[in-house]
2 protein chains.
Amino acid sequence: MPKSVAITPAPALTSPFRSKSEREQDRAEKREAVLLAAVRMFNARGYHAASLDDVAASLGISKPTIYHYLGNKEQVLVECVNRGLSMLREAADVAAGAPGSGHDRLRAFLLRYACINMDDFGRCVIRTSEEVLSMDSATRFRARKREIDEAVRGMIAQGIADGSIAPVDVRFASFALAGALNWPARWHDPEGPLKPDEVAEKLVDIALGGLTPRN
Amino acid sequence: MPKSVAITPAPALTSPFRSKSEREQDRAEKREAVLLAAVRMFNARGYHAASLDDVAASLGISKPTIYHYLGNKEQVLVECVNRGLSMLREAADVAAGAPGSGHDRLRAFLLRYACINMDDFGRCVIRTSEEVLSMDSATRFRARKREIDEAVRGMIAQGIADGSIAPVDVRFASFALAGALNWPARWHDPEGPLKPDEVAEKLVDIALGGLTPRN
DNA sequence: CAATCAATATACTCACCAGTAGATAAAATA
DNA sequence: TATTTTATCTACTGGTGAGTATATTGATTG
């Protein structure tokens with residue numbers, strides 16, 4: 001008698017007949033591919049200078065196909081920005097629930113924050129200025145950025161409370177850190193020799209430690 | 001005998017007849033007015049979204065008048081950026097020739113740097129990304145920014161040498177400082193309650209001092 | 001005074017690009 | 001098998017905005 005191996009429901013890994021959920025996943029994948037191509041074009045040329053025709057061409061498809069997956073150009077941008085914001089938000093939540101002093105938690109978060117800012121969607125968050133969005137989207141964008149900022153301020157305040165951070169002005173400290181760690185979204189070259197991890201660590205060390213000597 | 005006061009060449013302060021040099025100055029003033037209106041529009045809406053028609057309208061003139069004073073839209077932007085860069089360059093030269101430790105000179109320069117970045121033309125330097133420029137202009141732009149960056153690195157290196165700055169990685173220190181002090185070009189509101197001087201001082205103190213407590 | 005130059009305007013051209021109409025074909029569903 | 005749904009295309013519309021052609025007027029110069 002043959003072994004009972006061949007009776008499993010149907011391997012069908014390469015079948016051209018897709019189930020409903022498979023089709024939904026196909027669609028989601030294509031949508032993601034559009035967003036990735038778009039965010040790269042936006043980052044490379046700026047939102048206004050990047051045309052959806054070019055995005056489509058970079059995927060070997062036509063512009064109406066993009067409209068089949070996304071409503072309009074602004075929605076494409078908004079989705080890209082939201083992906084970046086979600087990554088930042090998640091990092092903030094992780095840091096908030098982590099053990100250690102305020103300084104430790106802040107440091108861990110900032111490392112992740114800096115890395116996200118050197119990634120496609122994170123760069124887009126930094127490089128997208130509110131002027132290009134509709135008032136409605138701009139409001140939501142601002143609110144989500146504010147959440148991240150508040151998380152940072154919270155960590156700084158806790159660090160001050162537990163003595164692991166110097167008694168600085170919380171608001172300006174958060175601005176200064178954000179600036180130092182957002183800036184790589186402008187200058188860091190993903191193709192270059194500097195790895196995001198290293199950049200993040202060096203910048204965070206300098207931003208937290210300062211330049212004034214300690215003794 | 002009367003005093004010899006009334007014999008001066010001719011006051012003529014309100015004469016409608018302008019000399020050649022006066023006409024040249026008129027022209028230069030109008031050119032400046034165009035640049036100022038343009039840089040504000042660029043800062044408010046972004047280069048691509050700001051049309052020269054709008055810039056002209058904001059001055060109560062027509063677009064061809066702008067072309068009478070400047071060659072094309074890119075040249076308008078380049079002139080704006082150059083004004084900002086010149087301010088930064090001058091600040092760097094002043095700081096380089098000032099007395100005091102490396103730390104002192106760096107600090108003085110950074111205060112000025114941050115203020116320039118909150119001014120019309122300085123903001124434009126920060127907000128203009130190379131992708132919007134022709135390759136030629138982008139090269140020149142990069143070179144001039146590099147000069148400023150090298151001045152900063154020089155001051156840091158000197159500070160390390162004379163012991164007034166901790167032995168940090170010079171390149172990353174300069175990136176971190178630049179980021180922290182460029183960022184206000186994105187968020188500072190000239191109409192708001194925060195005065196550039198105060199912002200600059202707070203940010204510079206945090207950037208140089210860091211967040212880690214000293215004892 | 002005639003000829004030229006400077007400053008400005010109106011009214012265009014041309015290219016690009018977001019977004020749409022409508023066709024087609026394949027797959028899914030009834 | 002007939003009908004509907006999905007994915008995709010080609011070909012368009014409509015608006016916007018950079019840059020130009022050309023006219024006008026007033027001042028400058030020979």
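Letters A, B, ... are given to chains in the order of the sequence lines, protein chains preceding strands, and every chain is numbered from 1. All values reported here derive from a predicted model rather than from experimental measurement.
A salt bridge links D136(A) with R140(A): the closest approach of a Lys/Arg side-chain nitrogen to an acidic carboxylate oxygen falls below 4.0 angstrom. With salt bridges taken as basic N to acidic carboxylate O contacts below 4.0 Å, none links K30(B) and D26(B).
F141(B) has its side chain out of reach of L77(B): every pair of non-hydrogen atoms, C-beta onward, lies at least 4.5 Å apart.
Checked by atom type and distance alone, the side chain of D119(A) never pairs as donor or acceptor with a backbone atom of F121(A) at under 3.5 Å.
The side chain of K73(B) lies closest to dA18(D), out of dA11(C), dA18(D), dC9(D). Looking at the side chain of D53(A), the nearest of the listed nucleotides dC17(C), dT20(D), dA7(D) is dC17(C). When each of dT20(D), dG17(D), dT8(C) is scored by its nearest atom to the side-chain atoms of S51(B), the top-ranked nucleotide is dG17(D). Taking the side chain of Y69(A) as heavy atoms from C-beta on, and the options dT8(D), dA18(D), dC9(D), the nearest nucleotide is dT8(D).
Checking the phosphate oxygens (OP1, OP2) of dT8(D), a side-chain nitrogen or oxygen of K30(A) falls inside 4.0 Å. Applying the 4.0 Å criterion to OP1 and OP2 of dT6(D), one finds that R27(A) has every side-chain N and O outside that range. Regarding contacts with the backbone of dT8(D), every side-chain N or O of H68(A) stays at 4.0 angstrom or more from both OP1 and OP2.
Between the CE atom of M41(A) and the P atom of dA18(C) there is a distance of 11 Å, rounded to whole Å. In this structure, CD of E74(B) is placed 19 Å from P of dG17(D), rounded to the nearest angstrom. Taking atom CG of L70(B) as the reference point, atom C1' of dA7(C) lies 14 Å away to the nearest angstrom. Rounded to a whole Å, the NE2 atom of H48(B) is 13 Å from the P atom of dG17(D). Following rounding to the nearest Å, L77(B) (CG) and dG19(D) (P) show an atom-to-atom distance of 12 Å. Atom CD in Q25(A) sits roughly 18 Å away from atom P in dT6(D) (whole-Å rounding). Across the protein-nucleic acid pair, Y67(B) atom OH and dT13(C) atom C1' stand 13 Å apart, rounded to whole Å. As rounded to whole Å, 15 Å separates atom P of dG19(D) from atom CG of D54(B).
A donor and an acceptor atom sit less than 3.5 Å apart, one in the side chain of K63(B) and one in the base of dA18(D).
The cationic atom of K73(B) (NZ for Lys, CZ for Arg) lies less than 6.0 Å from the six-membered ring centre of Y47(B) and within 45° of the ring axis.
At a threshold of 4.0 angstrom between heavy atoms, the contacts of S62(B) include nucleobase atoms, whether or not backbone atoms are also involved. Backbone-only engagement by A50(B) is indicated by non-hydrogen atom pairs under 4.0 Å involving sugar-phosphate atoms exclusively.
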